[in-house]
Asker: 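Take a look at this one; I'll ask things after.
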Amino acid sequence: MDILISGASVAGPSLALWLQRYGHQVTVVEKAPALRGGGYAVDFRGRVHMETLARMGLRDRLEARATHMGDISIVDGEGTQVSALPSAIFSGDLEVLRGDLADVLYAATRDRVRYCFGDQITAIAQDERGVDVTFAAAPPQRFDLVVGADGVHSGVRRLVFGDDPAHKKPLGVYAGIFTMPGTMGLQRTGFMYNEPNRAVSVMSPHGGDQIVSMSFAEPGLRFDYRDVDQQRRIIAERFARVGWRTPELLEAMERADDFWFDSTTQIRLDRWSHGRVVLLGDAGYAGGPGGNGTGLAVVGAHVLAGELDAARGDHRTAFERYERLMRPYVATCQKQADGSPDFLVPSTEKKIAQRNRFFRTVRYVPPARRLFKYLATRTATAFELPTYELPALVSP
């Protein structure tokens, strides 16, 4: 079949890898002018994620780019360590930068998949035999199927499923992330500083540049996700009186050319497909922090492609089975993410102190460490990975 995928981050190229191996003709359209690099760290954990990467033929390539982060020091306003996040637990079995993951996926697919950067879908009209797609730049084209893998702010979801506010469940936490030159002497380590409803973290997964994350809790905040200047002002205002080295980080934010800002939001729909259009990854079921979003994207891509092949192109059967298999897994991951604000941005000094005591226990008491690692992995492994006929791997 001739299949169009919207989105070239993680879910889209993961699906493209499988579809081209099954013999389909694949086009990926991405509104960004080029592949997006850098960014925050993402992780894979447990047998389900790691087996999926192995079946994709990418596990070794990704392990070569692993961050191998050490523990993250939790500091007070003077910079004194008061506790630590055991990174071996929070980084899962394999942690990489999101940009490195996108780069590996792109390298594995670009020779057999058509990528169209700097363009986006503006209209979708479908009938029983195909989907007519209008683009902002390219001429209209007809496809057999269209996949929305274009993230939380999915244009495909808006065009086909509507822009219903009920599709989104905000978790009330917002984050700004950017890269700055290394000033803290970090090497595969980092710092975290908290004040009530505020969190600042600085990490250097590979040494050199530092990745800064500034998160805050404020339910109901309204902002334009396309207005970067407004987003910088929001961060500057919310962190203007925050201690530690925050003023230094705010100055660096103004100079950063990779600033990113968004809310932590779950996507919840009653269905993930409509006719010949289907949603994948964050576009259909974003989990939020701690919700295994990256793992859901690659596992979902494997299941969707495998079901299309098993159904011999019968998209109705394939989409129905894809959703039936994935929905309980997604629900479990989203339930876990519901509690993430209490860990990321505790609302009081008392809750910050309680969290820090908890992490000290996890770090220094081996049974507690093992228990927490089990709990951190349990949700990611709550899925029985289907067995599909796997086409042979072909080197790019």
Side-chain angles (χ1 to χ4, degrees), residues 7 9-11 36 39-43 45 72 85 90-92 95 97-98 101 149-154 157 163-178 190 192-203 211-228 230-235 237-239 242 253 258-269 279 281-297 300 330-347 351-352 355 376 379-380:
S9 180
V10 175
R36 299 176 183 180
Y40 48 86
V42 297
D43 65 74
R45 56 186 67 217
I72 309 303
L85 299 176
F90 283 86
S91 296
E95 182 184 68
L97 295 182
R98 191 209 60 80
L101 174 58
D150 44 354
V152 171
H153 304 291
S154 170
R157 187 182 68 242
D163 196 17
D164 188 344
H167 294 164
K168 299 179 181 179
K169 180 188 176 183
L171 299 181
V173 177
Y174 304 80
I177 299 174
F178 58 92
M192 174 181 281
Y193 172 73
N194 280 93
E195 292 183 9
N197 292 318
R198 302 287 186 271
V200 179
S201 67
V202 183
M203 302 182 190
I211 300 172
V212 180
S213 175
M214 309 181 84
S215 305
F216 64 94
E218 186 177 323
L221 174 68
R222 294 181 178 274
F223 70 98
D224 184 346
Y225 72 88
R226 294 158 295 194
D227 188 340
V228 177
Q230 179 201 43
Q231 296 160 16
R232 289 182 198 265
R233 289 195 301 271
I234 289 172
I235 290 292
E237 291 169 2
R238 270 60 177 185
F239 288 84
V242 173
M253 178 192 71
D258 63 347
F259 177 80
W260 174 92
F261 178 90
D262 210 343
S263 63
T264 56
T265 301
Q266 293 181 346
I267 301 299
R268 300 192 175 199
L269 288 85
L279 300 176
D282 282 356
Y285 39 86
N292 302 303
T294 307
L296 284 176
V330 168
T332 300
C333 293
Q334 289 183 333
K335 182 178 180 180
Q336 175 172 275
D338 283 340
S340 61
D342 291 336
F343 281 92
L344 293 173
V345 284
S347 58
K351 289 183 177 180
I352 293 172
R355 185 204 61 184
T379 300

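Not measured: the values here are computed from a predicted model.
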Asker: Could you measure the distance from the CE atom of Met214 to the CZ atom of Phe261? Nearest 0.5 Å is fine.
Answerer: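 Interatomic distance, Met214 CE to Phe261 CZ, rounded to 0.5 Å: 11.5 Å.
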Asker: Between His153 and Tyr225, how do the two ring planes meet: parallel, tilted or perpendicular, split at 30° and 60°?
Answerer: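 Parallel, since the angle between the ring planes stays under 30°.
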Asker: For Asn292 and Arg45, what are the C-alpha separation, side-chain angles and deciding distance, and is it a side-chain contact (heavy atoms from CB on, under 4.5 Å)?
Answerer: CA-CA 8 Å; Asn292 302 303; Arg45 56 186 67 217; 3.8 Å; yes
Asker: Could you give the distance from CZ (Phe239) to OG (Ser215), rounded to the nearest 0.5 Å?
Answerer: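 Going from the CZ atom of Phe239 to the OG atom of Ser215 covers 6.5 Å.
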Asker: Does any N or O in the side chain of Arg232 come within less than 3.5 Å of the main-chain N or O of Met253, such that one atom is a donor and the other an acceptor?
Answerer: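 Judged by distance alone, yes, a pair lies under 3.5 Å.
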Asker: Would a 4.5 Å heavy-atom cut-off, applied to side chains only, mark Asn197 and Arg238 as touching?
Answerer: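 Side-chain contact under 4.5 Å: no.
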Asker: Taking all atoms of both residues into account, what is the closest heavy-atom pair of Ser340 and Pro289, and its distance?
Answerer: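 Between these two residues, the closest heavy atoms are CB-O, 3.4 Å.
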Asker: Looking at Val173, is its backbone amide N or carbonyl O close enough to the side chain of Thr264 to form a donor-acceptor pair, meaning the two atoms are under 3.5 Å apart?
Answerer: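 Yes.
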Asker: CZ of Arg157 to CG of Asp282: how many Å apart, nearest 0.5 Å?
Answerer: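 The CG atom of Asp282 is 9.5 Å from CZ of Arg157, to the nearest 0.5 Å.
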Asker: State which residues pass ring pair (Phe, Tyr, Trp, His ring centres under 6.0 Å) with Phe259; sequence neighbours excluded, sorted by chain then number.
Answerer: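 Partners of Phe259 by the ring pair (Phe, Tyr, Trp, His ring centres under 6.0 Å) criterion come out as none, since no residue qualifies.
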Asker: Measure across Leu344 and Arg355 and return the closest heavy-atom pair with its distance rounded to 0.1 Å.
Answerer: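 Closest approach of Leu344 to Arg355, heavy atoms only: O-NH1, 4.0 Å.
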Asker: With a 4.5 Å limit on heavy-atom distance, are the side chains of Met203 and Tyr40 in contact?
Answerer: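 Of all side-chain heavy-atom pairs linking Tyr40 with Met203, none is under 4.5 Å.
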Asker: I need the minimum non-hydrogen distance between Ala297 and Val10, along with the two atoms involved.
Answerer: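 Smallest heavy-atom distance, with atoms named: CB-CG1, 4.2 Å.
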Asker: I want to check something: taking the side chain as every heavy atom from C-beta on, are Asn194 and Pro346 in contact at a cut-off of under 4.5 Å?
Answerer: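 A side-chain contact exists here, since the closest heavy-atom pair is under 4.5 Å.
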Asker: Do Val228 and Gln231 come close enough that some side-chain heavy atom pair is under 4.5 Å?
Answerer: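 A side-chain contact under 4.5 Å exists here.
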Asker: Would the distance check show the side chain of Gln334 and the main-chain N or O of Ile267 forming a donor-acceptor pair, the cut-off being under 3.5 Å?
Answerer: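 Judged by distance alone, yes, a pair lies under 3.5 Å.
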Asker: Hey, does Leu221 have a side-chain heavy atom less than 4.5 Å from the side chain of Ile234?
Answerer: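 A side-chain contact under 4.5 Å exists here.
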Asker: Of all the heavy-atom pairs spanning Thr379 and Cys333, show the shortest one and how long it is.
Answerer: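 Shortest heavy-atom separation between Thr379 and Cys333 comes out as CG2-CA, 3.5 Å.
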Asker: After noting the C-alpha distance and the side-chain angles of Arg98 and Thr294, does the key distance pass the side-chain hydrogen bond (donor to acceptor under 3.5 Å, both in side chains) rule?
Answerer: CA-CA 9 Å; Arg98 191 209 60 80; Thr294 307; over 6 Å; no
Asker: To check you understand the geometry: which heavy-atom pair defines the closest contact between Gln336 and Gly290, and what is its length?
Answerer: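 Gln336 and Gly290 have their closest heavy atoms at NE2-O, 2.6 Å.
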Asker: Would you compute the distance between atom CG of Asp150 and atom OG of Ser9 and round it to the nearest 0.5 angstrom?
Answerer: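 Going from CG on Asp150 over to OG on Ser9, the span is 10.5 Å.
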Asker: Rounded to the nearest 0.5 Å, how far apart are OG of Ser201 and OH of Tyr193?
Answerer: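 With rounding to 0.5 Å, OG (Ser201) is 14.0 Å from OH (Tyr193).
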Asker: Once you round to the nearest 0.5 Å, how far does OG of Ser263 lie from CG of Leu171?
Answerer: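 Here the interatomic distance stands at 8.5 Å.
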Asker: For Phe216, what residues pass the ring pair (Phe, Tyr, Trp, His ring centres under 6.0 Å) criterion, not counting sequence neighbours?
Answerer: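 For Phe216, the residues satisfying ring pair (Phe, Tyr, Trp, His ring centres under 6.0 Å) (neighbours in sequence not counted) are Tyr174.
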Asker: List in chain and number order the residues that pass salt bridge (Lys or Arg N to Asp or Glu O under 4.0 Å) with Arg226, two or more places apart in sequence or in another chain; answer none if no residue qualifies.
Answerer: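 Arg226: salt bridge (Lys or Arg N to Asp or Glu O under 4.0 Å) contacts with Asp224.
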Asker: Looking only at non-hydrogen atoms, find the nearest pair between Lys168 and Thr265 and report the distance.
Answerer: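 Looks like CB-CG2, 3.8 Å.
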Asker: Under the 3.5 angstrom rule, does the side chain of Gln266 hit a backbone N or O of Ala286 as a donor-acceptor pair?
Answerer: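 Answer holds: no.
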Asker: Indicate yes or no: at least one non-hydrogen side-chain atom of Asp262 is less than 4.5 angstrom from one of Phe223.
Answerer: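 A side-chain contact under 4.5 Å exists here.
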